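The block underneath contains the structure these notes are about, expressed in structure tokens.
Predicted, not measured: the structure shown is a model, and the values here were computed from it. The figures that follow rest on heavy atoms only: side chains count, while hydrogens, waters and symmetry mates do not. Below, chain A is the first sequence line, B the second, and so on; all start at residue 1.
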Amino acid sequence: QLQLQESGPGLVKPSETLSLSCSVSGASVNSLYYYWGWVRRSPGKTPEWMGSIDSGGGTHYIPSLRGRINVSRDLSKNKISLKLSSVTAADTAEYFCVRDSGHFAIDFWGQGILVTVSS
Amino acid sequence: DLVLTQSPLSLPVTLGQPASISCRSSQSLVYSDGNTYLVWFQLRPGRSPRRLLYQVSNRDSGVPDRFSGSGSDTDFTLTINRVEADDAGIYYCMQGTHWPGTFGQGTRVEI
């Protein structure tokens with residue numbers, strides 16, 4: 001059974017970089033036809049798909065985050081990572097690692113990790 | 001920008017009774033290949049979110065058959081037939097026809 005587990009700091013200071021990792025078991029992050037990415041859910045807001053990495057290593061980002069976001073993978077550790085720079089309070093959210101089977105049909109989610117941006 | 005509007009935002013339900021959630025799109029969700037990429041997710045406290053339905057009405061493995069999806073073009077509905085206590089949570093629709101994928105605001109189902 002595929003499992004995704006997010007990890008990282010729960011508190012990040014404004015203007016710093018948020019860094020999260022997602023350990024994947026039960027499937028390879030190199031799998032053909034799948035995208036591995038991140039979704040966040042801010043308090044009182046609609047969830048937001050942030051970005052993903054495909055089987056060829058290509059990355060795809062929501063326009064509003066371009067320039068601040070980086071999604072990468074480590075094939076040797078079967079992990080994906082999220083870096084979001086210059087964070088503000090607006091980036092406070094629950095962050096989910098996800099697998100997308102195409103056309104944003106997310107078929108697996110991690111449990112999520114709450115990240116608060118505060119000094 | 002494409003907007004998905006869910007209603008109601010809060011849905012009190014009675015055990016054993018049916019419940020329906022609407023998801024309306026500001027644009028047609030029919031893709032050029034003829035498919036409609038609309039999915040429904042369930043979020044419950046302490047558990048990973050899970051997909052219930054994909055391409056409008058295809059139920060995922062392990063999802064009880066009391067969950068069903070219907071609709072076309074811009075109007076879609078998630079129906080729970082005979083609500084159970086375990087169904088309490090937040091339900092989201094999400095479209096994947098137009099890039100990037102976008103979510104509805106969510107509907108909180110309260111038993």
Practice problem: Start with the C-alpha gap between R50(B) and W109(A), add the side-chain angles, then the distance that decides, and say whether side-chain contact (heavy atoms from CB on, under 4.5 Å) holds. | Solution: CA-CA 7 Å; R50(B) 72 165 172 171; W109(A) 298 64; 5.9 Å; no
Is it possible for you to say whether [X] and [Y] belong to one hydrophobic cluster, with membership spreading through side-chain heavy-atom contacts below 4.5 Å?
X      : Y      : value
Y33(A) : V71(A) : no
I53(A) : L65(A) : yes
I62(A) : V3(B)  : no

Self-check item: Other residues, nucleotides, ligands: >12 heavy atoms within 6.0 Å of E16(A) CD
Solution: yes
How close do [X] and [Y] get, counting heavy atoms only, and between which atoms?
X       : Y       : result
A105(A) : R51(B)  : O-NH1, 2.9 Å
Q111(A) : R47(B)  : NE2-CA, 3.9 Å
G104(B) : P47(A)  : O-CD, 3.9 Å
P49(B)  : G110(A) : CD-O, 3.4 Å
I106(A) : M94(B)  : CD1-SD, 4.1 Å

Quiz item: H103(A) vs Y31(B) aromatic rings, parallel, tilted or perpendicular, using cut-offs 30° and 60°?
Solution: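 Rings of H103(A) and Y31(B): perpendicular, over 60°.
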Quiz item: Is it the backbone or the side chain of V98(A) that comes under 4.5 Å from a heavy atom of chain B, or both, or neither?
Solution: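 Contact with chain B is absent: no heavy atom of V98(A) under 4.5 Å.
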Quiz item: Which region of F96(A), side chain (C-beta onward) or backbone (N, CA, C, O), has a non-hydrogen atom less than 4.5 Å from a non-hydrogen atom of chain B, or is it both or neither?
Solution: side chain
Quiz item: Is it the side chain or the backbone of L43(B) that comes within 4.5 Å of chain A heavy atoms, both, or neither?
Solution: side chain
Practice problem: Please flag which part of I90(B) lies under 4.5 Å from any non-hydrogen atom of chain A: side chain, backbone, both or neither. | Solution: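 Just the side chain, heavy atoms under 4.5 Å.
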Quiz item: Atom OH of Y54(B) and atom CG of D107(A): how far apart are they, to the nearest 0.5 Å?
Solution: 10.0 Å
Self-check item: From CA spacing to verdict: side-chain contact (heavy atoms from CB on, under 4.5 Å), S48(B), Q5(A)
Solution: CA-CA 10 Å; S48(B) 295; Q5(A) 181 64 58; over 6 Å; no
Quiz item: Please walk me through it: do F103(B) and W49(A) pass ring pair (Phe, Tyr, Trp, His ring centres under 6.0 Å)?
Solution: CA-CA 8 Å; F103(B) 291 84; W49(A) 174 86; 9.8 Å; no
